[in-house]
Enquirer: 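First the structure, then my questions, so here it is.
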Amino acid sequence: MPELPEAETIARQLQRDLAGRTLGAVHLARTDIVHGDPTPLGELLPGRKVVRVYRRAKQVVIELAPPMQLIFRLGMTGRLTVVPVEAEIETHTHFRVVVAGTGGELRFRDPRRFGGIWVIREGSDYVGRRLAEVGIEPLEATTRQFRGVLSRRRQIKALLMDQSAVAGLGNIYCDESLHAAGIHPLTQADTLTAERALRLLRSIKSTLRRAIRCKGSTLMDYRDAEGREGSFQRLHRVYQREGMPCKTCKTSIRRITAAGRSTFFCPKCQRHVTRERSRGSSSRSG
DNA sequence: CGCATTTCCTGGAGGC
DNA sequence: TGCCTCCAGGAAATGC
């Protein structure tokens, strides 16, 4: 399930493989996965040059010239790979575009179709909705920004999962970060002390950085742009480890539902503190 | 307002 | 071997 580290891995690899290249022939097997500009991709893409590829939230953004953005959301099972044009075409490959002069092509495959492609042309206010209207980037967030996000009365797990609050965290990295910080997933965000909030931000950053170094987590479907699996799943401390011993204290990992999702935590490392700092007292203005 | 539930969708797992 | 049901989950819409 591609979250921030997986999207970052793919974006870096595509930056390396595509930047400066010109796009060629397009093959679109399904039109219903494309959103935004209604002009067919077969008319828009050939001849355009890739300026750069980067990540925003969980999305991979291909910036083109003349100005245009191709935004890929990978959903649950989305794959974005660069392969030789003659490589066998897997089922559910919805989109292909030739990368001129390389013998390769970019392919988008997504069996469950929770993902999609957003086409943004110059001057479209759609840009805002896709890229700007997501929350803070956790790797770049300052303590002050993060404290601002936490100032709402919400379950910390639900808040971290909310893309309009913090961009890029999904189920895996939420649970891993909360464990690293010793915070129970049902803790009310606005009750965390400044010290624990800082510890949480540091845990999120270190967890994401280590995951990026491992090229993400592969549980089932995820592959990077080269078609390879990530390896961070070997370092998971709680995710999908229900009943197994905590890697820190040996206590049996528990599973509950929070924010409508399976949520894994260690009941000993992550005690449910309900009252840390008195709420309401000296509420800072927003 | 916040949280749970439902919807989308497919393939893998488990039961028989 | 094969059929059936259940289930996972990101995001958005709906319900309480």
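Letters go in sequence order (proteins before strands), and every chain restarts at 1.
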Enquirer: Rounding to a whole Å, what distance do you find between A:M161:CE and B:dT5:P?
Expert: 15 Å
Enquirer: Within the structure, does a side-chain N or O atom of A:Y239 lie under 4.0 Å from either OP1 or OP2 of C:dA8?
Expert: no
Enquirer: Tell me if the aromatic rings of A:F265 and A:H179 count as close, with their centers under 6.0 Å from one another.
Expert: no
Enquirer: Return whichever of A:P111 or A:Q188 has its heavy-atom-nearest nucleotide of DNA chain B closer to the 5' end.
Expert: A:Q188
Enquirer: Can you tell me how far P of C:dG10 sits from OH of A:Y222, to the nearest Å?
Expert: 15 Å
Enquirer: What nucleotide among C:dA11, B:dC9, B:dC3 has an atom nearest to a side-chain atom of A:Q163?
Expert: C:dA11
Enquirer: Report which part of the nucleic acid A:E3 touches: base, sugar-phosphate, or nothing (heavy-atom distance under 4.0 Å, all strands).
Expert: nothing
Enquirer: Is the distance from OP1 or OP2 of B:dG11 to the nearest side-chain N or O of A:T77 less than 4.0 Å?
Expert: no
Enquirer: Please work out if A:R255 contacts a base, only the sugar-phosphate, or nothing of the nucleic acid, heavy-atom cut-off 4.0 Å.
Expert: sugar-phosphate
Enquirer: Say whether A:R237 and A:T248, considering side chains only, have a donor N or O and an acceptor N or O under 3.5 Å apart.
Expert: yes
Enquirer: Heavy atoms only, 4.0 Å cut-off, all strands: where does A:D110 land among base, sugar-phosphate and nothing?
Expert: nothing
Enquirer: Taking atom C1' of B:dA4 as reference, at what distance in whole Å does atom CD of A:Q155 sit?
Expert: 10 Å
Enquirer: Can you find an N or O donor on one side and an acceptor on the other, under 3.5 Å apart, linking the side chain of A:R73 with the base of C:dA11?
Expert: no
Enquirer: Can you check whether any acceptor in the base of C:dG10 is under 3.5 Å from a donor in the side chain of A:R261, or vice versa?
Expert: yes
Enquirer: Are A:R109 and B:dG11 close enough that a side-chain N or O sits under 4.0 Å from OP1 or OP2?
Expert: no
Enquirer: Can a side chain N or O of A:H92 be found less than 4.0 Å away from OP1 or OP2 on B:dC9?
Expert: no
Enquirer: Pairing donors with acceptors under 3.5 angstrom, does anything connect the side chains of A:Q233 and A:Y222?
Expert: no
Enquirer: How close or far is atom C1' of B:dC1 from atom CG of A:D190, stated in whole angstroms?
Expert: 13 Å
Enquirer: Is the distance from OP1 or OP2 of B:dG2 to the nearest side-chain N or O of A:R152 less than 4.0 Å?
Expert: yes
Enquirer: Which whole-number value in Å describes the distance from A:K157 NZ to C:dG10 P?
Expert: 8 Å
Enquirer: Decide whether A:D190 and A:S151 meet the rule of one side-chain donor and one side-chain acceptor closer than 3.5 Å.
Expert: no
Enquirer: Any luck finding a side-chain donor-acceptor pair between A:R255 and A:S262 under 3.5 Å?
Expert: yes
Enquirer: What is the separation between atom CG on A:D32 and atom P on B:dT10, rounded to the nearest whole Å?
Expert: 10 Å
Enquirer: Under 4.0 Å from OP1 or OP2 of B:dT10: is there any side-chain N or O of A:R113 that close?
Expert: yes
Enquirer: OP1, OP2 of C:dA11 versus side-chain N and O of A:K58: anything below 4.0 Å?
Expert: yes
Enquirer: Nearest whole angstrom, please: distance from the P of B:dC9 to the NE2 of A:H94.
Expert: 11 Å
Enquirer: Does any non-hydrogen side-chain atom of A:I212 lie less than 4.5 Å from one of A:L4?
Expert: yes
Enquirer: Rounding to an integer number of Å, can you tell me how far A:D175 CG sits from C:dA8 P?
Expert: 14 Å
